[in-house]
There are 2 protein chains.
Amino acid sequence: MEMNQQTPVLTFAASAFAALGSEQRLTILRRLVRAGPNGMAIGDLGEAVGITGSVLTHHLKQMVSAGLLHQEKDGRRIISVVDYDQIRALSDYLIAECCADQGGHQEGLDHG
Amino acid sequence: MEMNQQTPVLTFAASAFAALGSEQRLTILRRLVRAGPNGMAIGDLGEAVGITGSVLTHHLKQMVSAGLLHQEKDGRRIISVVDYDQIRALSDYLIAECCADQGGHQEGLDHG
DNA sequence: TCCATATTTCTATAATTATAGAAATATAAA
DNA sequence: TTTATATTTCTATAATTATAGAAATATGGA
């Protein structure tokens, strides 16, 4: 199930946090962030972080499905690129929803 | 395994994000945030969010273990209180680590 | 002390996620 | 077209997490 704009905020957030909830995936994400907006081929990524093959595919799939990454084809390579806006949205969610009445509260968000 | 100051950042972050990665737990957390720094007894919390008994205990345990909450005794009630600082730290991590080179980068963090 | 309440632990089962090898698919280059 | 590379899908198994009822523990009040 891929997340889109119709997905309720709670569902998106839970799915995205779950996708961040693994040391391996955080490591993968950090490496992709370092790669910047040009992204990185799966093979190179795997070599860089020491996670390859079907396990890497499995983790990337979860992150794509949660909306943290997207992928583009470049010949026979698949380039993974971080969706920075989604990550920012998640960080904002955390402050807005989870620090309400503690100085970070914002009114008017629709929780779906 | 309870998180403390010695826990590597990556391990804390992965564990905390995993603890946020469930709609039920996000719902619980939001209710506890609304309760503010006085927290909320488990029974009242369960009634409010519609998750009770061993399932609620199970979720709270994960959140406490990840450092998102702590618990205090008040007679025979157990009061759960959000650790706002930890949530802020998590939000900061997301921006610092995962939006680096995209405008949110900070130097000098030790990734453990 | 006895009782009611609050919460946890125990136990079991279901569901999901993780790990990994092998085969399959897709594509570019020779 | 053949070959090598890149990645996925398939399959299987292990590990973790979720759900839930029942029994156990802890505490305050009658």
Side-chain angles (χ1 to χ4, degrees), chain A residues 1-3 10-29 31-32 35 38-81, chain B residues 1-3 10-29 31-32 35 38-81:
Chain A
M1 186 224 334
E2 197 121 345
M3 295 292 153
L10 186 65
T11 303
F12 159 71
S15 165
F17 285 130
L20 293 175
S22 142
E23 294 194 23
Q24 287 195 325
R25 286 194 295 272
L26 280 181
T27 301
I28 290 167
L29 183 65
R31 187 63 193 79
L32 283 176
N38 290 332
M40 203 170 178
I42 294 179
D44 296 341
L45 174 61
E47 210 171 318
V49 300
I51 304 162
T52 58
S54 58
V55 175
L56 182 54
T57 297
H58 163 77
H59 286 309
L60 288 174
K61 210 168 168 181
Q62 272 183 73
M63 290 194 280
V64 167
S65 160
L68 300 179
L69 309 178
H70 67 270
Q71 296 181 318
E72 302 160 5
K73 276 201 159 183
D74 173 30
R76 59 186 159 188
R77 286 154 177 261
I78 295 186
I79 309 296
S80 304
V81 183
Chain B
M1 187 224 332
E2 197 122 346
M3 295 293 153
L10 185 66
T11 303
F12 159 70
S15 164
F17 285 130
L20 293 174
S22 142
E23 293 194 24
Q24 287 194 327
R25 285 194 296 271
L26 280 181
T27 300
I28 289 167
L29 184 64
R31 188 62 193 80
L32 283 176
N38 291 333
M40 203 171 178
I42 292 179
D44 296 340
L45 174 60
E47 208 170 321
V49 299
I51 304 162
T52 57
S54 57
V55 174
L56 182 54
T57 297
H58 163 78
H59 287 310
L60 289 174
K61 209 168 168 180
Q62 273 183 74
M63 291 194 279
V64 168
S65 161
L68 300 178
L69 311 177
H70 68 268
Q71 296 182 318
E72 302 160 6
K73 278 201 154 181
D74 172 30
R76 60 185 157 187
R77 288 157 177 258
I78 294 186
I79 309 298
S80 304
V81 183

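What you see below is based on every heavy atom in this structure, not just the backbone, and it leaves out hydrogens, waters and symmetry mates. The sequence lines fix the lettering, A, B, ..., with proteins before strands; numbering per chain opens at 1.
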**Q** Mind calculating the distance between CD1 (B:I42) and C1' (C:dT7) to the nearest angstrom?
**A** 6 Å
**Q** Return the value, rounded to whole Å, for the distance between atom CG of B:L60 and atom P of C:dT8.
**A** 7 Å
**Q** Of the candidate nucleotides D:dT19, C:dT19, D:dA18, which contains the atom at the shortest distance from the side chain of A:V55?
**A** C:dT19
**Q** Assuming nearest nucleotide by heavy-atom distance, tell me which of A:I79 and B:G21 is located more 5' along DNA chain D.
**A** A:I79
**Q** Using distance alone, with no hydrogens and no angle criterion, decide if B:T52 and B:E47 have a side-chain donor and acceptor under 3.5 Å apart.
**A** no
**Q** From the options C:dT8, D:dA6, D:dT8, select the nucleotide whose nearest atom is closest to the side chain of A:R77.
**A** D:dA6
**Q** For A:I78 and C:dT27, what is the distance between atoms CD1 and C1' respectively, to the nearest whole Å?
**A** 11 Å
**Q** Give the rounded distance in Å between these two atoms: CE of A:M40 and P of D:dA6.
**A** 13 Å
**Q** Does a nitrogen or oxygen in the side chain of B:Q62 sit under 4.0 Å from OP1 or OP2 of D:dA18?
**A** yes
**Q** Mind running side-chain contact (heavy atoms from CB on, under 4.5 Å) on B:Q71 and B:L60 for me, showing each step along the way?
**A** CA-CA 9 Å; B:Q71 296 182 318; B:L60 289 174; 4.1 Å; yes
**Q** Starting at the 5' end of DNA chain C, which residue's closest nucleotide do you reach first, B:Q71 or A:H58?
**A** B:Q71
**Q** Can you see if the side chain of B:K61 gets near the phosphate of D:dT17 - specifically, an N or O under 4.0 Å from OP1 or OP2?
**A** no
**Q** Compare the minimum distances between each of C:dT9, C:dA22, C:dT8 and the side chain of B:S54, then state the nucleotide with the smallest one.
**A** C:dT9
**Q** Would you indicate which nucleotide in C:dT8, C:dA18, D:dT19 comes nearest to any side-chain atom of B:Q24?
**A** D:dT19
**Q** If I compare all heavy atoms of B:A19 with all of B:L68, which pair ends up nearest, and what's the gap?
**A** CB-CD1, 3.7 Å
**Q** Using only side-chain N and O atoms of A:T57, determine if any of them is under 4.0 Å from OP1 or OP2 of D:dT8.
**A** yes
**Q** Send over the distance from A:R25 CZ to C:dT17 P, rounded to a whole Å.
**A** 9 Å
**Q** In whole angstrom, what separates B:F17's CZ from C:dT17's C1'?
**A** 19 Å
**Q** For A:L45 and D:dA6, what is the distance between atoms CG and P respectively, to the nearest whole Å?
**A** 14 Å
**Q** If you check every side-chain atom of B:S22, which of C:dA18, D:dA26, D:dA18 has the closest atom?
**A** D:dA18
**Q** Looking only at heavy atoms, which two atoms of B:R77 and B:D44 are closest? And how far apart?
**A** NH1-OD2, 3.4 Å
**Q** What's the CZ-P distance between A:R76 and C:dA29, to the nearest Å?
**A** 7 Å
**Q** Of the non-hydrogen atoms in B:L10 and A:E23, which two are nearest, and what is the gap between them?
**A** CD2-OE1, 3.9 Å
